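Following: one structure in structure tokens, then a few remarks.
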Amino acid sequence: MTSTEIDLRSYDTPFSDVHDFAQMVLPLRGKLTLDINGHGAVLHPLRAGFIAPGLVHKQFSDAPNASLILDFDLGAVSPRTAGLLAQRPFLSVSAATAKLIDFMSMLQGQGAASAAVLANWAPLLLESLTSQPIRPASRLQAALTRFEAQPGYPWNTERMAAVACLSVSRLHRVFREQLDSTPQAWLSAMRLRYVCRQLVESSLPIAQLATQAGYADQSALTHAMRRAMDITPLAYRQQNQTTIR
């Protein structure tokens, strides 16, 4: 397995499985029993479960329940995180971790939990679950998910730094180290990517797309696209949109 995937599931009758990728069971509602190689525990919104690759496991419940299931490549996780997960397959969910889980549950329900979003979110979740000090790079990756989910929010460097739990100067440094960009340059490019995708995939009026992406009006969007891409929003739509739904 080379990518990170997420799904919403519920369990009733006992179901046994084994797979060659790692899995986190993140309960949202209700309780379920998770047995891993003969060692079991009851999971609920305050206790998550980690299943290492190759381990036989069984999930079941006699009451309504729902969990986010995160499948991921354990080889892509830092050795320290992987070691801590192996030591404690049943993990307490702190208030901060619960907010991360709730946020991803919302995105998954909206169909917005893309591979890129998951790649940004998963490292922060795993570090939070294993009670490690959160690395600045992980904070940034999780913050990028928030920014991309709300392109129309009036982001500035101060607000972006607050979301990433970094100072403004540290935010600039981490952006440069991780993305070879500045916060504002990355934000401008992200908003243009959002607009371009919507121009192709939707029939929403360009003026509406402009405000959804954080531009003052259609004229501001047109100016930004001309400067960055040498094309207007209408011309981009006409060139790239084959079918307007």
Side-chain angles (χ1 to χ4, degrees), residues 1-9 17-29 32 34 36 43-55 57 59 66-151 160 163-166 171 174-175 177-179 186 190 193:
M1 180 177 185
T2 58
S3 63
T4 304
E5 299 177 359
I6 200 162
D7 193 18
L8 178 64
R9 300 177 195 166
D17 197 9
V18 61
H19 36 66
D20 61 0
F21 50 84
Q23 188 174 83
M24 289 298 313
V25 182
L26 307 165
L28 301 173
R29 298 180 296 278
L32 68 148
L34 173 63
I36 306 174
L43 304 188
H44 47 72
L46 296 181
R47 182 186 292 147
F50 165 71
I51 304 165
L55 296 184
H57 53 282
Q59 303 103 317
S67 298
L68 279 181
I69 307 299
L70 178 69
D71 298 335
F72 61 99
D73 178 7
L74 193 61
V77 174
S78 74
R80 174 171 171 75
T81 298
L84 290 171
L85 289 171
Q87 292 173 19
R88 293 181 289 166
F90 301 107
L91 306 109
S92 297
V93 177
S94 68
T97 305
K99 290 181 179 179
L100 288 172
I101 295 170
D102 289 343
F103 176 67
M104 184 51 60
S105 175
M106 177 191 70
L107 291 186
Q108 199 272 343
Q110 295 173 347
S114 65
V117 167
L118 289 173
N120 291 338
W121 172 82
L124 183 64
L125 173 79
L126 297 178
E127 289 175 18
S128 179
L129 279 168
T130 51
S131 302
Q132 298 179 66
I134 306 302
R135 296 174 296 124
S138 294
R139 292 179 185 175
L140 176 62
Q141 293 301 316
L144 296 181
T145 300
R146 173 83 175 273
F147 305 150
E148 290 177 335
Q150 298 176 289
M160 295 171 78
V163 169
C165 299
L166 299 168
L171 180 76
V174 174
F175 256 91
E177 292 171 352
Q178 298 295 317
L179 302 173
W186 180 90
M190 180 272 289
R193 289 195 303 270

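Just so it is clear, the model here is predicted, and its values are computed rather than measured. Values below: all heavy atoms of this structure, side chains included; hydrogens, waters and symmetry mates excluded.
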Distance-minimising heavy-atom pair for [X] and [Y]:
| X | Y | answer |
| --- | --- | --- |
| Phe103 | Arg146 | CZ-CA, 4.1 Å |
| Ala48 | Met24 | CB-CE, 4.2 Å |
| Leu28 | Ser105 | CD1-OG, 3.5 Å |
| Ala113 | Met104 | CB-SD, 3.8 Å |
| Phe50 | Ala86 | CE2-N, 4.1 Å |
| Met190 | Phe147 | CE-O, 3.4 Å |

Could you check whether any side-chain heavy atom of [X] comes within less than 4.5 Å of a side-chain heavy atom of [Y], counting everything from C-beta outward?
| X | Y | value |
| --- | --- | --- |
| Val163 | Gln150 | no |
| Ile69 | Val25 | yes |
| Ser67 | Leu43 | no |

Inset, instruction - Apply side-chain hydrogen bond (donor to acceptor under 3.5 Å, both in side chains) to Asp17 and list each qualifying residue two or more places apart in sequence or on a separate chain. - result: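 Asp17: no side-chain hydrogen bond (donor to acceptor under 3.5 Å, both in side chains) contacts found.
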Legend entry - With sequence neighbours excluded, residues passing side-chain hydrogen bond (donor to acceptor under 3.5 Å, both in side chains) with Arg47: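 By the side-chain hydrogen bond (donor to acceptor under 3.5 Å, both in side chains) rule, Arg47 matches no residue at all.
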Inset, instruction - With sequence neighbours left out, write down each residue that passes side-chain contact (heavy atoms from CB on, under 4.5 Å) with Gln178, or none if nothing qualifies. - result: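 Counting only residues at least two positions away or on another chain, Gln178 forms a side-chain contact (heavy atoms from CB on, under 4.5 Å) with Ala137, Leu140, Val174.
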Inset, instruction - State which residues pass side-chain contact (heavy atoms from CB on, under 4.5 Å) with Ala76; sequence neighbours excluded, sorted by chain then number. - result: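 In terms of side-chain contact (heavy atoms from CB on, under 4.5 Å), with neighbours along the sequence ignored, Ala76 is linked to Asp73.
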Inset, instruction - Sort out for me which residue in Leu125, Leu26, Asp102, Asp7 forms a side-chain contact (heavy atoms from CB on, under 4.5 Å) with Leu68. - result: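 Among Leu125, Leu26, Asp102, Asp7, the one that satisfies the side-chain contact (heavy atoms from CB on, under 4.5 Å) with Leu68 is Leu26.
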Inset, instruction - Sort out for me which residue in Leu144, Thr4, Leu107, Leu70 forms a side-chain contact (heavy atoms from CB on, under 4.5 Å) with Trp121. - result: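 So the option named by the test is Leu70.
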Legend entry - CZ-CD distance between Phe72 and Glu5, expressed to the nearest 0.5 angstrom: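 The CD atom of Glu5 is 12.5 Å from CZ of Phe72, to the nearest 0.5 Å.
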Inset, instruction - Could you pull out all residues at least two apart from His19 that satisfy ring pair (Phe, Tyr, Trp, His ring centres under 6.0 Å)? - result: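 Only Phe21, His57 meet the ring pair (Phe, Tyr, Trp, His ring centres under 6.0 Å) criterion with His19.
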Which pairs would a plain distance check flag for residues 88-99, meaning a side-chain donor or acceptor within less than 3.5 Å of a matching protein atom at least two apart in sequence or in another chain?
{"residue": "Arg88", "atom": "NH2", "partner": "Thr130", "partner atom": "O", "Å": "3.1"}
{"residue": "Ser94", "atom": "OG", "partner": "Thr97", "partner atom": "N", "Å": "3.2"}
{"residue": "Ser94", "atom": "OG", "partner": "Thr97", "partner atom": "OG1", "Å": "2.9"}
{"residue": "Thr97", "atom": "OG1", "partner": "Ser128", "partner atom": "OG", "Å": "2.4"}

